[in-house]
2 protein chains.
Amino acid sequence: MTAHSTPRPSRRERPSKPALTRDGIIETAVALMGAEGLRRVTMRRLAQELDTGPASLYVYVRNTAELHAAVLDELLGAVDLSPATASGDWRDRLVRVLTSYTRVLFEHPGLARSALVARPSGDRYLDLLDALLSLLSEGGVPADRAAWAVDLLLQFATATAAEHAAGEKDPADAEGEWAALARALRGASATRHPHVAALGTELLSGPGEARLNWGFHVLINGIPHTPRPGATGAEATGSADWTEPP
Amino acid sequence: MTAHSTPRPSRRERPSKPALTRDGIIETAVALMGAEGLRRVTMRRLAQELDTGPASLYVYVRNTAELHAAVLDELLGAVDLSPATASGDWRDRLVRVLTSYTRVLFEHPGLARSALVARPSGDRYLDLLDALLSLLSEGGVPADRAAWAVDLLLQFATATAAEHAAGEKDPADAEGEWAALARALRGASATRHPHVAALGTELLSGPGEARLNWGFHVLINGIPHTPRPGATGAEATGSADWTEPP
DNA sequence: ACCTGAACACCGTTCAAGT
DNA sequence: ACCTGAACACCGTTCAAGT
């Protein structure tokens, strides 16, 4: 029996226990999230899964926020970036990539919440940034503006997914919140809140997908019309010119 | 001594202990947040402040999310809505109201985080909605579009404030996250991530205020150019026309 | 040098049992 | 009817002490 054929000595209780490395920890975290949801991906529960104490994880991961960011970066591998190199209108393809990103986050809204605060910075995230920047560049968006635009687009997608984090655990809670807002809107006083009263629950209307799509298009239509302040020396006397012909 | 001049009997330990009512609880929560920050506004800590057990609070408040939403609504009283009824370009005045809203949230980014998931639905929030809707109406934005636009504008402002929730406790954490992303961007491979590499930390550049302002203007410029799908019978064969002349 | 048991200082929420 | 003590089932993070 040669060395290469020797199965590595398995630990007593779990033959396939992953090695305690950063990658192993994150891999286990992803699996745990798939099995039990993000809210079970805690330092303690994860340590338990790895047959160790929570303190051990702090050797490889700074804190819970960093752990979640790493998990998200892993998940970002599922985003479809192929439209970036396909043919067709750049705007449509931009929306396709962003929609794919949003769909991935919708699966784990809690992760979207974390992403707003602790952004991922791994390879998958850079892949996504690069794809979006290449589409904006193709669309003739100046580089300085694209740098800000990519943030704006991702922030909108992320925030939209994060909104669904309500009642990830208990759907009754989410319903309660929604119902409270709907009640408030329906009951709006025509004298104190005339515009709200006139619209009523129209303010909450429409399928989420249509609103998401509309939002993407508002941004994509607005970006070419909105130069960065001072970009071409227009800031002058304090109040920049915030519009520009297409 | 008549009844109206009789001071109400004070409880032994805290003469000015607020009554245990919903309003009293929320008032105390606001004070506690001012004194110790949002992360101390927990059911347990709040109960302690009110000299009772946490279970008592559940008679008046459904859960922690609802508590935070109520606190936020209270805070929204500080938003300056006066530009809504002032004179001048409606776009500028819209930005002024939104900037005031964002400034209030910046003081308590954790609350902005909650707001993305559990929106407030109190009077202050309706006041804000109505002010924004009146400005959009003044700008000639069709009502159905304004209903979605107001959401989009507030979501952007809220998400921007929420991003600052990183390191609300320990500034070192926030620095760590930011540094990690900056390192990743600077170290981007020119072959795998050419666009990211070309921009580098330009992606993180600029004062937050300028980016916020730019974002508002992108939205405000995009909204008049982007009809809601099917609004005027244009949806036809599945792919709506997502642009419109100003 | 590397790792971790045990502790510190907390959480949200529920419910049986009191008044 | 209204309220709550006590319990249940957890948290993140640190650090002294082990190997």
Side-chain angles (χ1 to χ4, degrees), chain A residues 11-14 17-26 28-29 32-33 36-71 110 113-114 117-118 165-174 176-177, chain B residues 11 13 17-22 24-26 28-29 32-33 36-71 110 113-114 117-118 165-177:
Chain A
R11 290 192 182 70
R12 218 170 279 115
E13 288 138 33
R14 294 191 174 223
K17 170 179 170 178
L20 203 60
T21 61
R22 190 176 208 272
D23 285 352
I25 287 169
I26 289 162
T28 307
L32 183 58
M33 185 178 64
E36 308 186 6
L38 180 69
R39 82 181 176 290
R40 294 285 179 225
V41 184
T42 64
M43 293 303 230
R44 292 180 101 104
R45 179 72 185 79
L46 185 54
Q48 183 187 317
E49 201 69 11
L50 291 160
D51 289 330
T52 184
S56 308
L57 303 182
Y58 285 84
V59 176
Y60 306 97
V61 169
R62 197 189 309 271
N63 52 40
T64 308
E66 198 200 276
L67 172 68
H68 286 177
V71 167
R113 268 195 106 184
S114 320
V117 172
E168 217 184 341
K169 179 182 200 157
D170 183 0
D173 283 359
E177 290 292 335
Chain B
R11 287 190 183 73
E13 289 139 33
K17 173 179 170 180
L20 204 61
T21 62
R22 191 175 207 272
I25 288 169
I26 289 162
T28 306
L32 182 57
M33 185 177 64
E36 307 187 7
L38 180 69
R39 81 180 176 292
R40 295 284 180 226
V41 184
T42 64
M43 293 303 229
R44 292 180 101 106
R45 179 73 186 76
L46 185 54
Q48 182 187 317
E49 201 69 11
L50 291 160
D51 289 330
T52 184
S56 307
L57 303 182
Y58 285 84
V59 176
Y60 306 97
V61 169
R62 196 189 310 272
N63 53 37
T64 308
E66 199 200 275
L67 172 67
H68 286 177
V71 167
R113 269 195 105 183
S114 321
V117 172
E168 217 185 342
K169 179 184 198 158
D170 183 1
D173 284 359
E175 218 181 319
E177 290 293 336

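Quick note on labels: first sequence line is chain A, next is B, and so on, each numbered from 1.
D:dC10 sits 23 Å from C:dA9 when the P atoms are compared, rounded to a whole Å.
Closest-nucleotide positions on DNA chain C for B:M43 and A:R44 were compared, and the one nearer the 5' end corresponds to A:R44.
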**OP:** Whenever both distances are under 3.5 Å in a Watson-Crick or G-U wobble pair, mark it; put DNA chain C into dot-bracket that way, with [ ] for crossing pairs and | when the partner is on another strand.
**Re:** ||.|||||...|||||.||

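Counting only heavy atoms from C-beta on, B:L20 has its side chain closest to D:dT4 among C:dG12, D:dT4, C:dC10. Comparing C:dC11, C:dC3, D:dC3 against the side chain of A:V59 picks out C:dC3 as the nearest. Listed candidates were D:dT4, C:dT4, D:dT13. Nearest to the side chain of A:N63 is D:dT13.
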**OP:** Could you walk me through whether B:L57 and B:L50 pass side chain to side chain contact (heavy atoms under 4.5 Å, CB included), step by step?
**Re:** CA-CA 10 Å; B:L57 303 182; B:L50 291 160; 3.9 Å; yes

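Rounded to whole Å, the distance from CD on A:Q48 to C1' on D:dC10 is 11 Å. A straight line from CZ of B:R40 to C1' of D:dC11 spans 14 Å, rounded to a whole angstrom. Atom CZ in A:R39 sits about 16 Å away from atom P in C:dG12, given to the nearest Å. Atom pair A:L46:CG and D:dG12:C1' shows a separation of 13 Å (rounding to whole Å applied). When rounded to the nearest whole Å, the span between CZ of B:R45 and P of C:dC11 equals 8 Å.
The side-chain heavy atoms of B:Y60 and B:I26, taken from C-beta on, include no pair separated by under 4.5 Å. Using a 4.5 Å cut-off on side-chain heavy atoms (C-beta onward), B:L46 and B:T28 make contact.
Without hydrogens or angle criteria, B:H68 side chain to B:L38 main chain gives no donor-acceptor distance under 3.5 Å.
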**OP:** For nucleotides 14-19 of chain D, just jot down a letter per nucleotide in 5' to 3' order: B, S or -, based on protein non-hydrogen atoms under 4.0 Å.
**Re:** BB----

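Ionic pairing of A:E66 and A:R22 is present here: one or more N-O contacts between side-chain nitrogen and carboxylate oxygen are shorter than 4.0 angstrom.
Note on B:T42: every side-chain N or O is 4.0 Å or more away from OP1 and OP2 of C:dC10.
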